[in-house]
Protein chains: 2
Amino acid sequence: MSAAREIIPIHALKAVCSTCSLQELCLPLGLAQEEMVQLDDAINQRMPVRRGEALFRLGDAFRSLYAVRTGFFKTVVVSEDGREQVTGFHMAGELMGLDAFGTDQHGCTAIALEDCEVCELPYHRLENLALEIPALNRHLYKLMSREIIRDQGAMLLLGNMRAEERLAVFLLNLSQRMAARGFSSRQFVLRMTREEIGSYLGMKLETVSRTFSRFQQDGWIKVQGKQIEVLDLAAIKQLVSGCIGLQH
Amino acid sequence: MSAAREIIPIHALKAVCSTCSLQELCLPLGLAQEEMVQLDDAINQRMPVRRGEALFRLGDAFRSLYAVRTGFFKTVVVSEDGREQVTGFHMAGELMGLDAFGTDQHGCTAIALEDCEVCELPYHRLENLALEIPALNRHLYKLMSREIIRDQGAMLLLGNMRAEERLAVFLLNLSQRMAARGFSSRQFVLRMTREEIGSYLGMKLETVSRTFSRFQQDGWIKVQGKQIEVLDLAAIKQLVSGCIGLQH
DNA sequence: CGAGGTCTTGACCTCCCTCAAGCCTTGTGG
DNA sequence: CCACAAGGCTTGAGGGAGGTCAAGACCTCG
């Protein structure tokens, strides 16, 4: 955790929102050009995080939000008796730490599933800037409420749906998020293990594996370890139709 | 709970935070006296909502947050195929609508489980006031992040815990929230049906009923329909120990 | 007082978990 | 560069928690 924070990029480039390719997906969405330049000043340079490292941990003092620039994170909540629940997977342009925004402690742990880069958004600067730029303040509200809605979708998924449906929702969601970032929506690599998928979806890793196999037998997908190819999107959508699922 | 309703002053005035008995639980928490008076101006008079009525519905234009003054609400998300997931129960001092804050549409439906009164907090006034009062703005952030954490606790509950544990967490949580409002933590009336409890906890109403019966056989609680008496709090806590659960 | 909603309880069944064995992939050190 | 270890994945067999279906009791409210 502390390791990550101390590493400084080699040619300390400052990340700038105003030229970032992710601006349509990330914090600056909807800001005017001049406001975005103000935001640039409030953001710390790109920080690398190595695979397996924690960006922050549950209970850490909350100082900053983080935006994923490249790579893939999971966030987890751990109960006292050691049960771990994955609460989300996060890719480029998505913010982490909103569950602690305005408080003094992080409410979950964020772990890099591959080598990543993040932008750091120090809270006090962001707060001050938000008070000056109403559009930014409103956008922060919006991002947080979107997170609430996402979590409520996850509750519906965990509370009401069967293993097949859960995994279908998961695949569809991932596929859509890949597409939104300009990657193929039909072929992608899972960055997380079966166990992590299972934890997120409330099922055991064996059930995840079996369900993948069944989807493959049905000709819906092709699975080769972490490599997924979607063959019959319509069939998967059919299964999920009527579910609310995991909008991100 | 119904007792609370009778406390209402007869000369129905404009709701004012600065004199409200719920201020410690509600929006004004942490504001200075003068700031609270400003907040008074931004709040609409008490609105009654009849049992069974919707305060707002999923998809409705978002115009206001609502604070429960008296009574009891559920919020639900309904998927297209009609599956209903209860996402929360809300009692005096708790805000509803945060999942839509800063957006233009409500993300869930809020239904009164008994005759209720709410305070309406129009968004545009709240937003303007928040830009003037940093403490209020920060408190709004905090309320939203608390909601996110609460939902993540629910995810852990739905994803990892067995029926017994879920119901124990539910009872404990309710008991604590009653206590925080000055009601008995040992005896209370469930305002929701078994089916609604089940929906919230991701189990069927029969399982809720059976689990209540088992708790009663074990001497942990006494159940008479909706009337619950907690007999052995320690045993229930024991069952829940190590779980994160549903902080509110 | 009766009707409809709510709750309890029983019997049965199914989906998913558990346990186990073996294979595959990845990374590391000789 | 290969070998081996360790973690990750798949698949099978069996069992159990909770779902489903059904019947009847109990409220509660018009």
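Labels below follow one simple rule: chain letters A, B, ... track the order of the sequence lines, proteins then strands, and each chain is numbered from 1.
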Gap between atoms [atom1] and [atom2], on [X] and [N] respectively (whole Å):
X        : N      : atom1 : atom2 : result
A:Gln227 : C:dT25 : CD    : C1'   : 14 Å
B:Gln224 : D:dT28 : CD    : P     : 11 Å
A:Arg194 : D:dT10 : CZ    : C1'   : 9 Å
A:Leu190 : D:dC9  : CG    : C1'   : 12 Å
A:Gln216 : D:dC9  : CD    : P     : 15 Å
B:Phe212 : D:dC26 : CZ    : C1'   : 17 Å
A:Glu165 : C:dC15 : CD    : C1'   : 13 Å
B:Leu205 : C:dT6  : CG    : P     : 10 Å

Less than 4.0 angstrom from a charged side-chain N to a carboxylate O is my criterion; do B:Lys74 and B:Glu84 meet it?
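The answer is yes: the pair qualifies as a salt bridge.
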
Could B:Arg191 and B:Glu114 be called an ion pair, given the rule that one side-chain N must be under 4.0 Å from one carboxylate O?
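A salt bridge links B:Arg191 with B:Glu114.
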
How large an angle, rounded to 10°, do the end axes of the helix from C:dC1-D:dG30 to C:dG30-D:dC1 enclose when each is built from five base pairs?
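Between the first-five-pair axis and the last-five-pair axis there is 50°.
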
Hey, is the side chain of B:Glu206 pairing donor to acceptor with the base of D:dC21 inside 3.5 Å?
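Under the 3.5 Å cut-off, the side chain and the base do form a donor-acceptor pair.
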
Distance test, side-chain N/O of [X] to OP1/OP2 of [N], below 4.0 Å:
X        : N     : value
B:Ser209 : C:dT9 : no
B:Ser213 : C:dT9 : yes
A:Lys226 : D:dC9 : yes

Note, [X] side chain near [Y] side chain (heavy atom, < 4.5 Å):
X        : Y        : answer
A:Leu201 : A:Val208 : no
B:Ser64  : B:Leu121 : no
A:Val189 : A:Ile228 : no
B:Asp115 : B:Thr70  : no
B:Phe89  : B:Phe72  : yes
B:Met161 : B:Leu156 : yes
A:Glu117 : A:Val49  : no

Are there any protein N/O atoms within less than 3.5 Å of an N/O atom in nucleotides 15-19 of chain D, and if so, which ones and at what distance?
{"unit_1": "D:dG18", "atom_1": "OP1", "unit_2": "B:Ala163", "atom_2": "N", "d": "2.7"}
{"unit_1": "D:dG19", "atom_1": "OP2", "unit_2": "B:Lys204", "atom_2": "N", "d": "3.3"}
{"unit_1": "D:dG19", "atom_1": "OP2", "unit_2": "B:Thr207", "atom_2": "OG1", "d": "2.4"}

B:Arg51 or A:Gly225, whichever maps to the more 5' nucleotide of DNA chain D:
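Residue closer to the 5' terminus by nearest nucleotide: A:Gly225.
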
